[in-house]
Amino acid sequence: LLAHKELGEVEEIWFESSHDGRRIQGWTVKPPGFDPEKRYPLILEIHGGPFADYGPRFAAELQLYAAAGYVVLYTNPRGSTGYGQEFGNLIHHAYPGYDYDDLMSGVDAVLAEGYVDPEQLFVTGGSGGGVLSAWIVGNTDRFRAAVVAKPVINWLSFVGTTDFYPYFAKDYWFPGLPWEDPMHYWERSPLSKVGNVTTPTMLLTGEADYRTPIAESEQFYQALQLRGVDTVLVRIPEASHGIARRPSQLIAKVAHVLAWFEKYRRPEE
């Protein structure tokens with residue numbers, strides 16, 4: 001099926017987290033025709049869940065990013081599945097949190113290889129990856145641009161509007177209901193960090209997303225607008241939480257992500 005296409009090479013990496021030295025697994029996808037003597041821009045792509053995992057499997061989105069000239073890094077930070085119960089539960093009542101350190105350590109590990117331009121870093125992710133993307137831009141300005149897809153921005157409003165509210169209110173997500181411990185919900189909400197954000201940020205969500213309703217994206221978009229941060233809100237018509245389920249929706253998502261990154265990508269010298 002793909003004999004007429006050159007795919008990006010997928011390479012496994014392991015690295016130590018700056019938080020506690022825990023070994024974290026990840027992969028890079030290199031652009032077709034990769035030249036180790038060049039320095040490429042990098043996209044950190046973060047999986048959702050957060051109880052899910054990535055692997056060396058074909059992923060159309062990641063290959064499309066690589067084909068556009070980016071090295072793509074995707075990892076399984078703490079909380080991911082496939083590494084046992086203890087690893088998965090490291091984010092118990094602490095998400096987002098130390099998984100941020102895992103992700104930043106992965107970026108540093110790839111930078112140490114010498115083929116990524118440290119001034120050309122980008123970040124994106126959807127659902128749980130959208131949470132972490134928004135959390136990242138609230139904690140660091142090292143990325144030139146971000147695309148936050150179908151995120152949770154405010155856990156307090158989210159639990160009251162998501163279609164799966166009985167699940168998200170269970171005690172393995174939070175130690176109590178929102179009105180019992182509102183500060184715990186707020187302190188883990190990316191909206192609480194919006195005052196730190198300087199990174200140009202696109203919000204991207206399907207209009208028929210009932211899992212992470214588009215009102216979550218609207219909150220972050222409008223907060224960034226109030227702060228004067230360059231931002232846009234992309235509403236994909238008829239798209240559900242499975243935002244890229246239809247081919248046209250997949251292309252719409254990837255095209256918007258790449259357009260936003262290209263706007264801030266430094267021209268090659």
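Atom set for the values below is all heavy atoms of this structure, side chains included, hydrogens, waters and symmetry mates excluded.
- At a cut-off of 3.5 Å, with distance as the only test, a side-chain donor of Gln219 or Ser157 sits close to an acceptor on the other residue.
- Pro50 meets the side-chain contact (heavy atoms from CB on, under 4.5 Å) test with Ile91, Tyr95, Trp173; sequence neighbours excluded.
- Sequence neighbours left out, the pairs with a member in residues 104-113 that pass salt bridge (Lys or Arg N to Asp or Glu O under 4.0 Å) are Asp108-Arg142.
- In this structure, NZ in Lys38 is found 11.5 Å from CG in Asp117, a value given to the nearest 0.5 Å.
- In this structure, the side-chain contact (heavy atoms from CB on, under 4.5 Å) partners of Arg57, at least two apart in sequence or on a different chain, are Asp53.
- Listed by first and then second residue, the ring pair (Phe, Tyr, Trp, His ring centres under 6.0 Å) pairs involving residues 5-28 are His19-Tyr98, Trp27-Tyr74 (not counting sequence neighbours).
- Under the salt bridge (charged side-chain N to carboxylate O under 4.0 Å, His left out) criterion, Glu262 pairs with Arg265, sequence neighbours left out.
- Residues forming a side-chain contact (heavy atoms from CB on, under 4.5 Å) with Ala146 (at least two apart in sequence, or on another chain): Val123, Val137, Thr199, Thr201.
- Between the side chains of Tyr54 and Glu45, at least one donor N or O sits under 3.5 Å from an acceptor N or O.
- Residue Tyr40 forms a ring-ring contact (aromatic ring centres under 6.0 Å, His included) with just one option from Phe34, Phe122, Tyr115, and that option is Phe34.
- Listed by chain and residue number, Arg246 satisfy the salt bridge (charged side-chain N to carboxylate O under 4.0 Å, His left out) test with Glu238 (two or more places apart in sequence, or in another chain).
- For Glu11, the salt bridge (charged side-chain N to carboxylate O under 4.0 Å, His left out) criterion is met by Lys30, not counting sequence neighbours.
- Residues that satisfy the salt bridge (charged side-chain N to carboxylate O under 4.0 Å, His left out) test with Glu187, not counting sequence neighbours, are absent from this structure.
- Judged as a salt bridge (Lys or Arg N to Asp or Glu O under 4.0 Å), the pairs with a partner in residues 189-214 (not counting sequence neighbours) are, in order, Asp163-Arg211, Glu207-Arg235.
- A distance-only check finds a donor-acceptor pair linking the side chain of Ser133 to the backbone of Gly129 [under 3.5 Å].
- With hydrogens and angles disregarded, a donor-acceptor distance shorter than 3.5 Å links the side chain of Ser192 to the backbone of Ser189.
- Phe87 is linked by a side-chain contact (heavy atoms from CB on, under 4.5 Å) to Arg22, Ile24, Arg78, Ser80, Tyr83, Leu90, counting only residues two or more places apart in sequence or in another chain.
- Every pair tested for salt bridge (Lys or Arg N to Asp or Glu O under 4.0 Å) that includes a residue from residues 122-136 fails, sequence neighbours excluded, so the list is empty.
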